[in-house]
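Below: one structure, written as structure tokens.
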Amino acid sequence: MSVLVIADHNNSVLNVATLSTITAAGQLSGDVDVLVAGKNCQAVADSAAKISGVKRVLICDSDICEAQLAENIAPLVHQLAEKYSYVLSAATTTGKNLLPRIAALLDVAQISDIISIESEDTFKRPFYAGNVIATVQSTDSKKVITVRATAFSAAVSTDTAAPIEAIAAPVESALSKLVSEELTKSERPELTAADIVISGGRGLGNKENFKIIEALADCLGAAIGASRAAVDAGFVPNDFQVGQTGKIVAPKLYIAVGISGAIQHLAGMKDSQVIVAINKDADAPIFQATDYGIVGDLFKIVPELIEALNNA
Amino acid sequence: MKILVPIKRVVDYNVRVRPTTDHTAVEISNAKMSMNPFDEIAVEEAIRLKEAGIASEVVVASFGVKQCQETIRTALAMGADRGIHVETDVELQPLSVAKLLKAIVDKENPGLVILGKQAIDDDANQTGQMLASLLNWGQGTFACGIKVESETVVVTREIDGGTQTLSLKLPAVITTDLRLNEPRYAKLPDIMKAKKKPLESFNPEDLSVDITPRLKLLEVTEPPKREGGVIVDDVAALLDKLRNEAKVI
Ligand SMILES: Cc1cc2nc3c(=O)[nH]c(=O)nc-3n(C[C@H](O)[C@H](O)[C@H](O)COP(=O)(O)OP(=O)(O)OC[C@H]3O[C@@H](n4cnc5c(N)ncnc54)[C@H](O)[C@@H]3O)c2cc1C
Ligand SMILES: Nc1ncnc2c1ncn2[C@@H]1O[C@H](COP(=O)(O)O)[C@@H](O)[C@H]1O
């Protein structure tokens, strides 16, 4: 029984979500290999090789893998999968895009977004926006799984390195090609990996006002998140959205500002260690999920908070 | 070009579901049912492509219990031309849905299939990718922008780091994200007209597709409840709690 973990990376850095996936893989088997498919991605393979629990790294360094298009990577993994009992990836947009394509080639179900491993074939996963947790048992001989990173601790880096083996590139599919990418640049910690997340909602009113969230985040070294309403209204880019259909976060401290607490938003942050809400409506559902709430006008409270933190 | 839009009948997004008392399933017997919100977006996009003269016909397909026909009528009222229902009481998992869809694609030969990125009941986020795989077509998942050109479709996708634009060879599979468009509401005359639009019904056996579920649902539980929180009076009290009680800053 061995596991192949598909590394999530941008050709230069390994995504921390993959570290949690390696932890999950280690719970299934002592035999964990990691595939790094990309272009000029040696640095990623080198760091994957040092992760505790990794037995071998396979690197496929090729023009064809540069954009990591599912159409090209799925056949590559399909071929490799012959030797493995499990194929795992983090439930990032890359993993969600790729793994079902592999599962269909293998004619097996995919188990999405697992939060625990009960046995070699039984897993827990949230569904219905996390209102309920399912325990599911797979009857397939091979299991294709995406892992919710916040539910597993990150595997650590060690001094010893596992061997790295180069593998041949897949055939180019010609079904798709990358035209362009617009990536959000930020000096702040990455949303899904930050210790503190400050999220703003529709209550901020407009993009200009959203700057007070940035100011508060700066005081605390926090990442910034948002509700769907704030993203739809254009206050912040789409990749800030936290929730059922956005990002799942579980920081030490989550502060929701001007967010009502719809179930779709709670689905993305309710596993945070400590939750704070600032909302002028005492009946807002967010208060049912919070550890500490302040009822009041955010335009008064957030500046007070910034001042108190700056004077500390 | 014909567009196929798979639509799922799901528990309405406002309903907070619970496990049944024996914890073997989700209690949905009296729940309000609706079209999966992502599928409304897919239907809207297909209709807009028809209105723009790019698509010639919009066919919607829904698989599951008899009542899926109501969901199909909703899509026909929005402006889809024709419906296909595959009737079964068996729980359909994404791989089965993808196989049924492949059978429909083989019959209908659409130029595009536009699905929702995820069904809000199973939260699987698989079917579109699986269908693209079975067909060996290109896939544009989590789309927030679609531009059809002569031999290709250009899809802008919402990804973790921002957005990405791909060019896919047609025919192709696209899955919708929330910001692709805002779906219209059907008007009363359109709801009346929809009753007369064609709706075909099949059995999975007619399509020679094996829909045996591969995942067994062993148990359904509620997530751990959070301890009841407190309302603090002011910023000073909040900071005191965060520093000295929760110790998170
Ligand atoms: C299929 C589907 C998927 C979805 N996925 C997501 C998702 O992933 N993430 C997500 O967030 N949403 C998601 N949603 C949307 C969700 O249902 C809510 O509509 C959304 O979360 C609301 O955002 P909000 O709380 O910012 O806005 P609102 O609900 O409008 O709340 C604004 C809050 O701000 C407060 N407020 C206003 N002014 C002030 C002030 N001056 N001071 C203090 N408080 C103030 C108000 O009291 C109110 O509680 C989804 C919806 C659907 C249908
Ligand atoms: N039973 C079904 N009937 C029709 N379409 C479906 C069905 N199940 C899933 N789909 C389509 O597949 C998409 C993704 O579903 P899922 O992979 O289950 O999250 C949905 O948004 C629908 O477009």
Side-chain angles (χ1 to χ4, degrees), chain A residues 70-71 74 92-93 96-97 100-101 103-105 108-113 122 126-140 174-184 220 228 232 237-239 244-245 252-253 263 273-274 276 289-295 301 304-305 308, chain B residues 11 13 16-19 26 93-95 98 118 120-126 129-130 132-134 137-139 141-142 144 154 158-169 178-179 214-223 226 229-232 234-236 238-239 241-242 246 248-249:
Chain A
E71 293 82 347
T92 53
T93 47
K96 290 181 200 172
N97 184 53
R101 197 162 175 117
L105 290 175
V108 302
Q110 177 186 298
I111 308 142
S112 295
D113 223 6
T122 304
F127 63 146
Y128 286 90
N131 277 317
V132 275
I133 309 290
T135 307
V136 293
Q137 184 177 34
S138 159
T139 59
D140 288 314
L175 295 171
S176 62
K177 63 174 198 278
L178 177 68
V179 177
S180 61
E181 245 170 12
E182 265 187 65
L183 300 181
T184 309
L220 290 165
R228 175 190 172 188
D232 284 3
N238 63 279
D239 52 309
Q244 181 188 16
T245 55
K252 289 202 180 88
L253 173 61
I263 46 178
Q273 201 179 312
V274 173
V276 170
T290 49
D291 299 286
Y292 307 111
I294 299 195
V295 179
I301 291 161
E304 275 177 23
L305 203 50
Chain B
V11 173
Y13 79 96
R16 195 179 281 254
V17 299
R18 289 226 158 79
V26 179
Q93 294 178 350
L95 183 64
Q118 113 191 33
I120 60 161
D121 50 4
D122 64 21
D123 281 333
N125 197 329
Q126 300 174 9
Q129 298 88 312
M130 286 181 160
S133 183
L134 297 176
W137 289 5
Q139 66 186 49
T141 52
F142 328 143
C144 58
V154 177
E158 294 201 359
I159 58 170
D160 284 339
T163 59
Q164 176 184 70
T165 302
L166 301 180
S167 166
L168 310 174
K169 202 173 110 195
L178 293 169
R179 278 166 284 276
R214 306 290 186 84
L215 297 178
K216 280 195 229 157
L217 185 58
L218 301 183
E219 193 186 28
V220 179
T221 55
E222 283 192 78
R226 290 191 77 92
V230 294
I231 297 291
V232 296
D234 53 27
V235 162
L238 176 66
L239 288 176
K241 293 276 189 196
L242 293 179
V248 285
I249 57 169

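Order of the sequence lines sets the chain letters (A, B, ...), proteins ahead of strands, with each chain counted from 1.
A donor-acceptor distance shorter than 3.5 angstrom exists from the side chain of B/Gln126 to the backbone of A/Gln110, with no hydrogens or angles considered. Not one N or O on the side chain of A/Glu182 forms a donor-acceptor pair closer than 3.5 Å with the backbone of B/Gly162.
When each of B/Leu217, B/Val17, B/Leu168, B/Asn125 is checked for heavy-atom pairs under 4.5 Å with chain A, B/Val17 comes out on top. Of the listed residues B/Glu222, B/Lys216, B/Lys169, B/Arg16, the one with more heavy-atom pairs under 4.5 angstrom with chain A than any other is B/Lys216. Across B/Leu178, B/Val154, B/Val11, the residue that shares the most heavy-atom pairs under 4.5 angstrom with chain A is B/Leu178.
In this structure, the portion of B/Gln118 lying under 4.5 Å from any heavy atom of chain A is its side chain and not its backbone. The contact between B/Pro223 and chain A is made by backbone and side chain atoms together, counting heavy-atom distances below 4.5 Å. Both the backbone and the side chain of B/Ala132 come within contact range of chain A, judged by heavy atoms closer than 4.5 Å. For A/Ser138, the parts sitting under 4.5 Å from any heavy atom of chain B are the backbone and the side chain alike. Within the 4.5 angstrom heavy-atom criterion, only side-chain atoms of B/Leu239, from C-beta onward, approach chain A. Heavy atoms closer than 4.5 Å to chain A are found in both the backbone and the side chain of B/Val230.
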message: One pair to check against side chain to side chain contact (heavy atoms under 4.5 Å, CB included): A/Val108 and B/Leu95. What are the steps and the verdict?
response: CA-CA 7 Å; A/Val108 302; B/Leu95 183 64; 5.7 Å; no

CA sep, side-chain torsions, deciding dist, call: B/Arg226, A/Asp291, side chain to side chain contact (heavy atoms under 4.5 Å, CB included): CA-CA 8 Å; B/Arg226 290 191 77 92; A/Asp291 299 286; 2.8 Å; yes

Inset, instruction - Go through A/Thr135 and B/Thr221 one step at a time and tell me if the side chain to side chain contact (heavy atoms under 4.5 Å, CB included) criterion holds. - result: CA-CA 8 Å; A/Thr135 307; B/Thr221 55; 5.5 Å; no

query: Going through the distances and angles, do A/Leu178 and B/Leu166 end up as a side chain to side chain contact (heavy atoms under 4.5 Å, CB included)?
result: CA-CA 5 Å; A/Leu178 177 68; B/Leu166 301 180; 3.9 Å; yes

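The shortest non-hydrogen separation linking B/Gln129 to A/Asn97 is CG-O, 3.4 Å.
With rounding to the nearest 0.5 angstrom, the NZ atom of A/Lys177 is 12.5 Å from the OG1 atom of B/Thr165.
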